[in-house]
Amino acid sequence: MIEFRQVTKRYDSDHTALRQVNFHLDRGELAFLTGHSGAGKSTLLKLLMVMERPTAGEVVVGGQALNRLPRRQVPYIRRHIGVVFQNHQLLFDRTVFDNVAMPLEVMGASPRDVGRRVRAALDKVGLLSKEKMNPLQLSGGEQQRVGIARAVVNKPPLLLADEPTGNLDPKLSADIMNLFAQFSQVGVTVLIASHDLALINEMDRRTLTLDHGNLIAGGTPLQGGFRGR
Amino acid sequence: MAVDPLSKPRKPDIARGAKASRSPWREQAESYFIHHRKVARDSASRMWRTPVASLMTWTVMGVALALPVALLLLLTSLQGVSAGWESGARVTAYMKLDASLEQTRKLAEEIGADGRVDGVELIDRDRALTEFRASSGLDDALDYLDENPLPHTLLITPEESARTADGVASLLMFVESMEGIERVQVDLGWLQRLNAMTDLLARAVWALAILLAAAVVLVIGNTVRLSIESRRDEILVAKLVGGTDGFVRRPFLYTGAWFGLGGGVVAWILLQLSLWWLSGPIERLAGLYSSDFSLSGLSFDGAFALIIVAMLLGWLGAWIAVKRHLDDIEPGEIAGG
């Protein structure tokens, strides 16, 4: 699903964010991405989102090489990638429903579909009863779940999360992680950037560790790497 | 709309099935139009939420649009006037000295039969001399002349439809080419001056219109730029979840067009008000010159065209702003370092 081949990202001559990173993730795999701050986690996610382009090497998502992707095609790649942020990036000028509906609206889904799929996504994260509320009225954990609902509402094959539990207490964090695990069980590839080592250890999943831009652990899939490709 | 979602009656499954059987492209097109309508409505309602600011933008646009349109209307009215005043134009044809009175009469009939001619008056050389004697005061000097130095003369009044600068000029050519005519004169000078002035005025008005249209585009561009700034988060999220450039631009283009609509309506109101305010004094002034001059207002078509042009200008301004500023907003900054 995701493949990094000798990927290097250099911002300017003295700052190299990623150095020859090699790994691949299969369909339905859930992996953590960890490392000290500034190790290159965000850069790696940005390369997947085509917010940045690699200086060298190749990034492949769903069989599509992103390096040569023309700018106009970028939105269509992003429609296949759900993203969850630490600060969840919700819009406070509209309801929970409208926030979650955005990816569908962007795709031009019919209102009937939008209603059905938004409610399904909100149901999945347990917030169906709050669809008409403003995200400001929700707690931090609930806001994060709205963010997750938005990321999965159009059933993307790839889900990225950048510190999704950064502001949450351990109980809520575990709930969120369980959600991610459920998505991976239905075939979604999930990559979670986090430095919450306790949580990562508890989940016992594949962990990619970055150190000053080098991938020092987790670069090869552990087992069952090629199922259902 | 504030109905509890649980109490909302569910659509029967049959109805759903019927809808689902529609072809996908039709559904796609339908949702595209629904989206357009939603964006258009949303942009308009955003404008209503800041009524004072919106009204000010509309007024700026309205003034900028009303000025050139008012001048164009004035110009049209003036051209009507100059057409009326041309009725004074008369062509004077002088016969050759050796032309006989008989020959001149025949020529007068021939000219009188032409479609462009309303009437021909013949002044024979004896009468001309008598009139000249009476009006010039050269009585004694004329006595020294052996013979009458004046030719027979034809005074030609053009037909109503030929009383334009062009019409008179063509009539002049026609008469000039006739046998026995020595010289043809017409006092076209003032007509040409008036025409030259209206031409100049027309150009000035168009130049002004273009400048003010550019000002309108810039004003809208700036307003839309501010609106882009204030909706930065929304743009970021839309780009993040795969919104195309077209999708992200759409609300701002509609905003520009709505500003244009408001500006056009304000311009029309300003025009009607000033017309109403000026019409009394103008009628009185025209009465003093015994002219039937009146300021013509904007027709329905004209008002419609004004509003369409205003909307296009608003759209153009928004487009420029969007082109310049929207591409700068890239979701890269969300993810932090």
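By convention in this document, chain letters (A, B, ...) are assigned in the order of the sequence lines, proteins followed by strands, and residues within each chain are numbered from 1.
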Below 4.5 Å from any heavy atom of chain B, which atoms of [X] appear? Answer side chain, backbone, both or neither.
X: A/Asn154; answer: neither
X: A/Leu45; answer: neither
X: A/Pro111; answer: side chain
X: A/Arg71; answer: side chain
X: A/Ala109; answer: backbone

So for atom CZ, which belongs to B/Arg324, do other residues, nucleotides or ligands contribute more than 12 heavy atoms lying within a distance under 6.0 Å?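 Not more than 12 within 6.0 Å, no.
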
Given that the side chain runs from C-beta out, which part of [X] has a heavy atom under 4.5 Å from chain A: side chain, backbone, both or neither?
X: B/Tyr32; value: neither
X: B/Lys38; value: side chain
X: B/Arg46; value: side chain

In terms of the angle between their ring planes, are B/Phe247 and B/His35 parallel, tilted or perpendicular, with boundaries placed at 30° and 60°?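 It falls in the parallel class, under 30°.
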
By side chain to side chain donor-acceptor pair (under 3.5 Å), which residues pair with A/Asn134, not counting sequence neighbours?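 A/Asn134 satisfies side chain to side chain donor-acceptor pair (under 3.5 Å) with no residue once adjacent residues are dropped.
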
Is B/Arg231 close enough and on-axis enough to B/Phe252, meaning under 6.0 Å and within 45°, for cation-pi?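 Yes, a cation-pi geometry.
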
To the closest 0.5 Å, what do you measure between OG1 (A/Thr55) and CG (A/Leu18)?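 The CG atom of A/Leu18 is 8.5 Å from OG1 of A/Thr55, to the nearest 0.5 Å.
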
What distance do A/Thr95 atom OG1 and A/Leu90 atom CG have between them, rounded to the nearest 0.5 Å?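 With rounding to 0.5 Å, OG1 (A/Thr95) is 11.0 Å from CG (A/Leu90).
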
Between B/Asp245, B/Val248, B/Asp233, B/Thr244, which shows the greatest number of heavy-atom pairs under 4.5 Å with chain A?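 So the answer, after comparing B/Asp245, B/Val248, B/Asp233, B/Thr244, is B/Thr244.
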
Testing A/Thr189, A/Val190, A/Val188 one by one against A/Met1 for a side chain to side chain contact (heavy atoms under 4.5 Å, CB included), which residue passes?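 Exactly one candidate clears the test, A/Thr189.
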
Output the option from A/Gln86, A/Glu105, A/Arg150, A/Met49 having the highest count of non-hydrogen pairs under 4.5 Å with chain B.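 Greatest number of close heavy-atom pairs with chain B: A/Glu105.
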
